[in-house]
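Structure first, then comments.
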Amino acid sequence: MSKWIRLWGLGAFVVVAAILVGVWFVFVDGWVKCLIEDAGTEAVGAKVELDAADLSLFPAGLALSRLQVTDPKEPMNNAVEIAKVTMGLDGLNLLRRKIIVDEMAVEGVRVGTPRSTSGATRDVLSQEEESGMFSIDLPSLEVPDVKKILKQEDLETIRLIETLKADLKKERDTWDSRMKELPGNAQLAQYKERVKKLKQAKKGGVEGILGGVGEVQALQQDIEQDIASLKNTKQEFEEKVALLRTRMAQLRTAPKRDIQHLKAKYNLSPQGLANMSQTLLGGKIGSWVREGATWYERAKPFLEGAQALQGKESGPGVQRPLREEGVDVHFKEEKPLPDFLIRRTTVSINLDLGDLAGTVYHITNDQPTFGQPTTFTFSGDHLEGVQSVVLEGALNHVVPNDSKDKLVFQAKGYGLNNFALSKDAKWPVTMMSGLGDIRMNATLKGQDLTAQGGAIFNNLQLSAGKEGDTNPLTQALTSAVTGISQFSLQADASGTIKQPVVAISSDLDRILQKAAGNMVNELAAKFGANLQTAISTKITEPMKELKSKMAGFDGIAGDLTERVTQRNDILKSLLEKTLPTKGLKLPGGLKLPF
Amino acid sequence: MIKLLAKLLRVLNSETEPGQISLGLCFSMIAGLTPLLSLHNLFVLLLVCILRVNFAAFLLGLGVFTGIAYMLDPLFHQIGLAVLTTTSLEGLWTSLYQSVWWRLEHFNNSIVMGSLVFSVGAFVPILLLSNLLIRRYRKHILAWIQKTKIMQMFKASKVYETYQTLSAWRHG
């Protein structure tokens, strides 16, 4: 037995195992740090950095210090910075390769903190210019030079005239050519000659009549064919002409369309003032919605988990294969748990306004397995500049194809100081001071977004316009705006999360339209009249030319009618006068076929 | 590598039991072909330590089989996936899946399972084959080398005598 067993080997094994455990223990913190940084960077698309990670075994727990998540759009800023994260780990499940945390504390959360180095991992897409986002398309109060406009603009009326003129010429050429091909005067002369011959044959007695019967039939057939051909051509011609006349009629309404288009293009339409709040705040609210949608899209795959993506709920499920790492085949668990779950997280957020406290339940990467949605509540009272803030929500992706997310936000007594509504160079608008009560309720079912938001602003002091402004419109608007002490706002979002449509309405619209609407309307009417006159003058000659070309088609119609009439006359004379067959008896009881 | 080869030759030429060398090679096959940081390799290490297995053969084999494993990964993946998705074995795997130790073993990974099945399956045949080859090597090739005139002359030389003396000192 001792030939095969060496007892000292047991000691050697213990030593080797102890060395391995020691090495693991020394390097595990660094490994965890790298793991979190790599996974975070991959998920966010910008650097996620951690100052230190400390994994303890008895009891199992993890503490993270200074977690920085770079804002992918502003790599010199952190989207979030967290001072400390502590959590207790379920050791038994850790051995099952599952990170299950009963309680996690997130302390010192701050947003938008500056970074010492860039956190970009890829090229940052150039951001939309802020000035562009807030640009106001105000109606202009200068009546544009109509002559100059008509020189520059591609008018629909002129385009239609030119096209119709070309088509008329083409049709005219075509019909001239076809008229030459149709049976004409030469053919008519031949028919007359043949009739004359038949008359002479009549004088030759019964034999002459009988000999001419075949010729009469042939002549009749030829004339009838000519008539049919001429009638068909005439019908075709009339259809073509009717089409051209319709286009001619359409031309009469084209100047009106041109005027409408030009009035809108040169900002002389009062519609611009109809929804000024959309113009002022639409871009800003839209950018918030888009920002939210971007973060939501990033988080969504983590909520639903790999199992849900494959649509498998039980039985062996194969995960996506990794090169040289094989694939993990998953089997049904007696007590299924996701690979990652934090049952309860307490969060303290340090904002400029003050501290917010919140609780998040059930953070997991696999809601379908866990069977419960992620819910969260954040609130803060008596903050600097805000009386109270409440944010509540639920991310329900338990059934990935029927996800339902909800978000409710309410802020009372939100102090507004130097809040720029518009940074437009022509007409800047700023809320110098005021208080706002804001509420928002958003629901996302699958991809369908429904959100209703409302705000009431009180005790407002608005500043608008710039010094030395001579524009009467912006002067009128500024005067109206600076007198406003309160207004309400309703912002609704619909559509899909990828293409949200934000609709904003406010009593600001009514105030602004009242202030400047009449001014713009009068100006628009004047501009329209000028345009009408200028366009009418410009198209007088081309229209005359068109009418004259159209009149030319009447000659063709008359010619066709004349040709048909002439042939009908010949046919009539042929049948009634040239061959009086009434009472004529043929030998053997024969009858003429006409 | 050359050192290890020299060591292997020395082991083959020594009085070490062929079974100990073969067992070292076979254990290294399991440890080398399967992912090194697996729970079962701790058990293999324990066996290598407490059984009189030739360490040199084990270490040499470990290097060789680890290299081979990279080439055979696609095959192991196929075998593992086939074994893990066999309907008749689903009950067994499901019950093992509930156990913490088996989850730690990561048996549900296609490469772990495939390489383990392959190396354990090849264990006995390789053990017997290597035993046979070592015996034949010693009986025919080594005996022939020993009989060659060059070897006779070398053995009679003072160099060999010194080597033997030093070798004896080294092995104490």
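Between Trp8(A) and Phe55(B), the ring planes are tilted. Angles from 30° to 60° get that label.
Counting only distance, with no hydrogens or angles, the side chain of Glu334(A) and the backbone of Gln98(B) share no donor-acceptor pair below 3.5 Å. Using modelled atom types, one side-chain atom of Arg6(A) and one backbone atom of Leu51(B) make a donor-acceptor pair closer than 3.5 Å. For the pair Ser110(B) (side chain) and Val327(A) (backbone), a donor-acceptor distance under 3.5 Å is present.
Neither the backbone nor the side chain of Leu96(B) comes within contact range of chain A; no heavy atoms are under 4.5 Å apart. Both the backbone and the side chain of Val53(B) come within contact range of chain A, each with at least one heavy atom under 4.5 Å from a heavy atom of that chain.
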key: Criterion side chain to side chain contact (heavy atoms under 4.5 Å, CB included) on Phe331(A) and Asn108(B), from CA distance to verdict   = CA-CA 9 Å; Phe331(A) 299 92; Asn108(B) 59 319; 4.2 Å; yes

ask   = When you look at Phe13(A) and Leu42(B), which way does the side chain to side chain contact (heavy atoms under 4.5 Å, CB included) test go after all the steps?
value = CA-CA 9 Å; Phe13(A) 172 76; Leu42(B) 210 60; 4.1 Å; yes

request  = Walk me through it: do His106(B) and Asp328(A) pass the test side chain to side chain contact (heavy atoms under 4.5 Å, CB included)?
outcome  = CA-CA 8 Å; His106(B) 205 188; Asp328(A) 286 348; 2.9 Å; yes

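Identified by a heavy-atom distance below 4.5 Å to chain B, the contributing residues of residues 16-35 of chain A are Val16(A), Leu20(A), in residue-number order. Along residues 83-106 of chain A, the residues that come nearer than 4.5 angstrom to chain B, judged on non-hydrogen atoms, are Leu92(A), Leu95(A), Arg96(A), Arg97(A), Lys98(A) in order of number.
In this structure, His330(A) and Tyr97(B) have side chains that are in contact, with non-hydrogen atoms separated by less than 4.5 Å.
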